[in-house]
Every structure is written in structure tokens, then in C-alpha cells.
Amino acid sequence: MTQPSPSFPELPITAAELAAARAGVRVRGGRIMGALGVLAALSALGGLLGAWALWWSFGELPRWLASLNELSDGDLPTLNAAELVPAWALPSLLGLGLLATALYVWAILVARQTVGAVRDQTLNPGPDHARALERSVRTVRPWIMLGQIAPLLQLLIPLLALPLTFGLIRQLDPQTFQGVGFGPAEIGAIVLGMVVQSLPTVIITWLILAAIRRWLDAVAARANAPVPVRPAARGVDPWLLFTLVLLILGLAGLLLGLAGLLLGSLPLLAASVFVGGASLSDPDLVALGITPATVRGVLLLSAAAMLLGAFISLLLTVLMSWSRGFAANVATVLDAGLPGQPVTSAHDPWSGPVQPAQGREPY
């Protein structure tokens with residue numbers, strides 16, 4: 001029968017490592033809490049702006065459809081906003097969007113409180129801080145579970161929206177829809193493609209949050225028992241590093257997309273300035289609201305949205321980097337007080353009496 005591989009003992013923690021870890025817990029913990037506060041404010045602002053954009057677009061939909069009906073000259077069936085969009089659509093979407101924003105902001109604030117509780121119990125252990133840490137851990141566990149199943153919910157929503165999308169296409173252009181011939185096989189292929197595309201995100205998110213939960217459980221258990229935390233910190237570090245790499249790649253993609261948007265919009269902006277926007281002064285385009293001013297506004301709004309996304313990606317990137325160091329520093333400080341893990345002084349090779357050099361024979 002195969003024997004399990006032996007576990008190697010942990011190396012003693014030196015006084016210099018302990019001092020550096022305590023400083024890291026204090027500094028990185030404060031930075032993480034500040035970054036989470038900024039992220040919560042930006043998320044709330046983004047949710048409110050999204051709700052306003054949704055309300056505005058629903059208000060402008062009848063005018064857009066009326067202009068489209070005039071331009072189609074009977075080639076398309078007459079579109080009516082009241083028939084296409086049910087009355088419950090706008091309040092339902094607004095309610096769901098605001099609820100999702102509130103839950104997201106609430107989760108960020110709970111995570112911020114938990115980081116503060118871990119920092120306080122690590123640096124100044126005591127009954128009050130231990131009870132606060134236990135309360136925070138009990139509060140954050142359901143949010144971690146919700147984060148693990150959130151990708152599944154994000155997958156189910158588009159799947160449930162497929163019948164509505166096909167029904168809208170059938171209503172807009174029945175002949176084309178019948179000619180395409182969406183049957184059970186085609187719909188099944190679309191569903192399978194969506195599932196396969198989303199499956200890696202579901203699995204990775206589940207594993208990352210599970211590793212974070214194990215580290216947090218070890219930190220909470222250390223408040224009442226001599227439980228080592230460094231194994232859990234080593235388990236979560238590769239996942240945080242993996243997430244950090246993905247965030248860096250996403251940030252690079254956003255910056256490249258922003259550069260492409262700016263370079264691609266320069267000729268159009270120059271034409272609208274020097275030529276007066278003659279190419280965009282067609283009555284049909286004006287009827288749809290496409291004017292030089294609106295084009296410039298859309299480009300500026302797109303650039304602003306991409307800049308905001310790049311800033312949030314940068315914030316998440318530094319937040320993930322600080323979290324890696326914070327997890328390792330907390331584990332080092334807590335494990336320094338374990339039985340059998342005494343803090344040793346680091347040996348300085350330059351200390352001690354001066355030794356005379358020994359002579360040697362030349363070659």
C-alpha cells in the first residue's frame with residue numbers, strides 16, 4: 001500500500017520576518033480597505049448611471065421606432081413600442097438592476113469589514129477582536145457562497161432570455177426567421193455553446209472563492225486554537241496570482257481598445273469639424289437622431305466609459321496584489337505564535353569579532 005508523502009516541517013520565523021509581516025498586515029490591510037471603499041462608491045455610481053440610461057432609452061424607444069417605421073417604407077412590419085415591450089419590462093429591469101447594485105455594494109462593504117477584523121485580530125489579539133472576527137466570518141461566508149453560484153446565475157439568465165429573443169426576431173421579420181429555420185437542433189447547439197463558453201469561468205470562480213474561504217476559516221480558527229494558517233495561505237496564493245495575471249491582461253486589452261477608439265475616431269471628428277458634418281447631415285440620419293453632435297457625444301461617452309473601466313481594472317489589479325501580500329503576512333504573524341514555532345533572530349554574517357585572514361601559498 002502506498003504511503004502518503006511526508007509533510008516537511010515549517011521553517012522557524014525570524015524576528016525580521018515577523019516585523020516585516022506585521023508592517024505588511026498594517027499597511028496592506030489599510031490599503032485594501034481604502035480600495036474596497038472606492039470600489040463600493042464607483043459601483044454604486046455605475047449602478048445609478050446604468051438605471052438612468054435604461055430609463056432614458058425606454059423613454060426614447062417610441063421615437064426611434066417611429067423614425068424607423070418612416071424610413072422602412074413598408075419593407076418591415078410596423079413596430080409599436082407598446083406591443084414590443086410589455087409594461088412590466090422597465091420597472092422589472094430597473095428593480096433587478098438596482099437590487100444587483102445594492103447586493104454588490106453590500107458584499108464589498110462586508111469584505112471591507114472582514115479585512116479590518118482580520119487585521120485587528122492579527123495585530124492586537126484579544127477577546128473583543130476575536131468576537132468581531134467571528135461575526136465578520138459568519139457574515140461573509142454566505143456572500144462567498146453567493147459569489148460561487150453567481151456565474152451560474154449569469155449563465156441561466158441568457159438561457160432564459162433565448163425564447164424572448166427568438167420571439168422578438170419572429171415578430172420583427174417573420175419571413176427571415178422562418179427561412180433561417182431555428183429548430184431544436186439549432187437552439188440546442190446555441191445553448192451548448194453558451195454552456196461550454198461559461199463553464200471555465202464557473203469552475204475557476206468556484207475554486208478561487210473556495211481557497212479564500214479556507215484561508216479565512218483558518219484565520220478564524222487560529223483565534224481559538226493553535227491552527228497553522230500558512231498552508232491555507234499557500235493554497236490561496238496561486239489562485240490570487242492567476243487572477244492578477246487575468247486582470248493585467250484585461251487592463252492591457254482595455255487600454256488597447258481605448259487607443260483604437262481614439263485613433264479610429266480622429267478622422268470622423270476631423271471631418272465633422274472641418275467639413276461641417278456634411279456626411280452626417282442626411283435627413284434620414286437626422287430623423288434617427290444621428291448628427292455630428294450625437295456622434296461626438298457617443299464617442300466621448302465611449303471613451304469615458306473605457307477610461308472608467310480601465311481605472312476599475314487597475315484598482316482591482318493593485319487590490320489583488322495587496323491581497324496576496326496580506327494573506328501571506330497574516331499567516332506569518334499568526335503562525336509565529338504557534339507552539340514549536342519560536343521566533344528566531346536572523347543571523348548577521350557581519351556580526352561578531354573580526355577574524356584575521358588566513359594566509360595561503362601562492363600557486
From [X] [atom1] over to [Y] [atom2], what is the distance, rounded to the nearest 0.5 angstrom?
X      : Y      : atom1 : atom2 : result
Leu301 : Met306 : CG    : CE    : 13.5 Å
Leu241 : Leu246 : CG    : CG    : 10.0 Å
Leu207 : Gln148 : CG    : CD    : 8.5 Å
Asp120 : Leu133 : CG    : CG    : 9.5 Å

### Query
What do the steps show when you test Leu48 against Thr101 for side chain to side chain contact (heavy atoms under 4.5 Å, CB included), and what is the final call?
CA-CA 8 Å; Leu48 293 177; Thr101 300; over 6 Å; no
Please determine whether residues [X] and [Y] belong to a single hydrophobic cluster, defined as Ile, Leu, Val, Met, Phe, Trp and Tyr linked transitively by side-chain heavy-atom distances below 4.5 Å.
X      : Y      : answer
Leu49  : Leu307 : no
Ile108 : Phe311 : yes
Phe242 : Val318 : yes
Leu319 : Leu42  : yes
Val105 : Leu146 : no

Decide yes or no for [X] and [Y]: does some side-chain heavy atom of the first lie under 4.5 Å from some side-chain heavy atom of the second?
X      : Y      : answer
Leu334 : Gln121 : no
Arg22  : Leu123 : yes
Pro231 : Arg234 : yes
Thr122 : Asn329 : no

### Query
After noting the C-alpha distance and the side-chain angles of Gln113 and Thr139, does the key distance pass the side chain to side chain contact (heavy atoms under 4.5 Å, CB included) rule?
CA-CA 10 Å; Gln113 181 183 11; Thr139 304; 5.6 Å; no
### Message
So does Arg26 get a backbone contact from the side chain of Arg119, meaning a donor-acceptor N/O pair under 3.5 Å?
### Response
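Absent.
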Testing the basics here: between [X] and [Y], what is the closest heavy-atom pair and its distance to 0.1 Å?
X      : Y      : answer
Leu251 : Ser313 : CD1-CB, 3.9 Å
Ala310 : Leu255 : CB-CD2, 4.1 Å
Asp335 : Val229 : OD1-N, 2.9 Å
Pro238 : Gly235 : CD-O, 3.6 Å
Ala218 : Pro228 : CB-O, 4.3 Å
His129 : Asn124 : ND1-O, 2.7 Å

## Note on the structure
Residues at least two apart in sequence or cross-chain that pass ring pair (Phe, Tyr, Trp, His ring centres under 6.0 Å) with Trp106, listed by chain then number, are Trp143
### Pairwise ring-ring contact (aromatic ring centres under 6.0 Å, His included) hits with a residue in residues 194-239, at least two apart
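Of all non-adjacent pairs touching residues 194-239, none passes ring-ring contact (aromatic ring centres under 6.0 Å, His included).
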### Task
Check the pair Arg222, Val330 against side chain to side chain contact (heavy atoms under 4.5 Å, CB included), reporting the backbone distance first and the verdict last.
CA-CA 11 Å; Arg222 179 66 183 87; Val330 168; over 6 Å; no
### Pairing residues for Ala252 by the side chain to side chain contact (heavy atoms under 4.5 Å, CB included) criterion, not counting sequence neighbours
none
